[in-house]
Number of protein chains: 2
Amino acid sequence: MFSQFRDKLPLSEEKWNKYVGYFNRIEVPAKTTLLEEGEISKKLFVIEKGCIRVWFNHNGKDLTSQFFFENQSVASIESFMKKFPSPVFVETIEPSVLWWIHKNDVDTIIEEIKEIPELRDRLIDMLFQRTFDYMKHFFSFIKDSPAKRYQSLIEEKPQIVQRVPQHYIASYLGVSTVHLSRIKSKLLHEK
Amino acid sequence: MFSQFRDKLPLSEEKWNKYVGYFNRIEVPAKTTLLEEGEISKKLFVIEKGCIRVWFNHNGKDLTSQFFFENQSVASIESFMKKFPSPVFVETIEPSVLWWIHKNDVDTIIEEIKEIPELRDRLIDMLFQRTFDYMKHFFSFIKDSPAKRYQSLIEEKPQIVQRVPQHYIASYLGVSTVHLSRIKSKLLHEK
DNA sequence: TTCATTTGATAACAAATGTTATCGTCTGCC
DNA sequence: GGCAGACGATAACATTTGTTATCAAATGAA
């Protein structure tokens, strides 16, 4: 799982083995809840195989805010970093193979990493990138119609359209399941 | 402008004076463009007095994505950090008193600050906070109606409602000016 | 002051989107 | 193989939101 990064990170053999040793492999079926709303997130997951969604309940409606696939790391970021009760659920969509690491061990790694300028800067870059991604998604809500957002999704994140049940995608795009179905149908018949 | 921070930052007198010396004070009228779309952002602004909006043109429509007030710093963040052509305009709304600093000097400060763990961590915290803010704004688009978003704005960012012309607020909330006017009217007549 | 411009409210109509209900298909499971 | 539940399409209707146009009030500049 992690060997692909081995030669890209300036870490001693000793540190590398220590860090990799923190991770635990698990296999879980589809629809497994990895974190409950209200719980304080203690685990960060990395996906070897499968996919995961982050969702929350709003007045009885199941609203999905994010999707994750192979090689991405997943947590309720605010809960994990700041020890707040999680506002969201984290749940597998497909049967998945995951590696998880405890928050204490992440903290250890981050503290040590900050002393290595190259990795520290990479961490900061990652945080910037995450902000840019959210900005982009937010922009699409003030400038595009739902139909346009769906088309962008097909182009920019085809995995979502291909692997995720449609009713989860609907709330992610901010529309009802019925309307998303209409959008798809219209796209088909126009071409 | 900056003396309020003097005793809160672990900096030598020498460094402090050097950093403060990087800043330039300007006074500008309302509707002054501080950064054009397509331009590469070289200046970071701090607002002493006044307010600023960030906006972009989409198919001839003027869409506002952010507002800034006293003591906030403003730039086209992606352009400033990564030297990309800015996707947005930056423009004053009110006559304003601003302090600006050149990107080169910001880079100098950031590089030096990273060696001070307390400030380095504060920088990282700031980046997290910015991401959380965007997440929250994004959530409101998938869970709330425009009317609810407007009410939240009144509660959480009253400055915007009080100081910003309404047609800028409309696009920020993702609705037409006519519809925002309807929302206000409905709120009034219900109470 | 006076006039042009900006800003905001409102009406009338068009278009987009939500809601509820029904139906068919598919899938996993026994 | 058969069944229950999940998933998605579609129709009919209700509601929300956008568009265009008009008018009034506020604002700013000469």
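Below, chains carry the letters A, B, ... as their sequence lines are ordered, and counting in each starts from 1.
Distance CG (A:Leu180) to P (C:dG18): 10 Å, rounded to an integer number of Å. One atom, CG of A:Leu173, and another, P of C:dT17, lie 12 Å apart when rounded to the nearest Å. In this structure, CD1 of B:Ile169 is placed 8 Å from P of C:dG8, rounded to the nearest angstrom. In this entry the distance linking NE2 of A:His167 with C1' of C:dC26 reads 14 Å, nearest Å. Here the P atom of nucleotide D:dA9 and the CG atom of A:Leu187 are 12 Å apart, to the nearest Å. Separating the CD atom of B:Glu94 from the P atom of C:dT7 is a distance of 13 Å, rounded to the nearest angstrom.
Residue B:Ser185 has a polar side-chain atom (N or O) positioned under 4.0 Å from OP1 or OP2 of C:dT10. Contact annotation: B:Lys31 reaches the phosphate of C:dT7 (side-chain N/O to OP1 or OP2, under 4.0 Å). OP1 or OP2 of C:dA9 lies within a sub-4.0 Å distance of a side-chain N or O belonging to B:Gln166. Close to C:dA16, at under 4.0 Å from its OP1 or OP2, lies no side-chain N or O of A:His179. For D:dG8, the OP1/OP2 oxygens have no side-chain nitrogen or oxygen of A:Lys184 closer than 4.0 Å.
In this structure, A:Arg53 fails the cation-pi test against A:Phe68, since its NZ or CZ atom is not both closer than 6.0 Å to the six-membered ring centre and inside 45 degrees of the ring normal.
Residues A:Ser171 and B:Ile142 approach most closely at O-CG2, 3.5 Å, considering heavy atoms.
Ring to ring, A:Trp100 and A:Phe45 are not that close: their centroids are 6.0 angstrom or more apart. Here the two rings, on B:Phe2 and B:Trp16, have centers that are 6.0 Å apart or farther.
Listed by residue number, the members of residues 138-150 of chain A with any heavy atom below 4.0 angstrom from DNA chain D form an empty set.
Using a distance-only test at 3.5 Å, with no hydrogens or angles considered, no donor-acceptor pair links the side chain of B:Glu156 to the main chain of B:Leu153.
Closest to the side chain of B:Val178, from the set D:dG18, D:dT10, D:dT19, is D:dT19.
Atoms NE2 and OG1, on B:His167 and B:Thr64 in that order, are 8.0 Å from each other to the nearest 0.5 Å. With values rounded to the nearest 0.5 angstrom, B:Lys15 atom NZ is found 12.5 Å from B:Asn17 atom CG.
Position along DNA chain D of the nearest nucleotide to B:Lys61 versus A:Arg182 favours A:Arg182 as the more 5'-ward residue.
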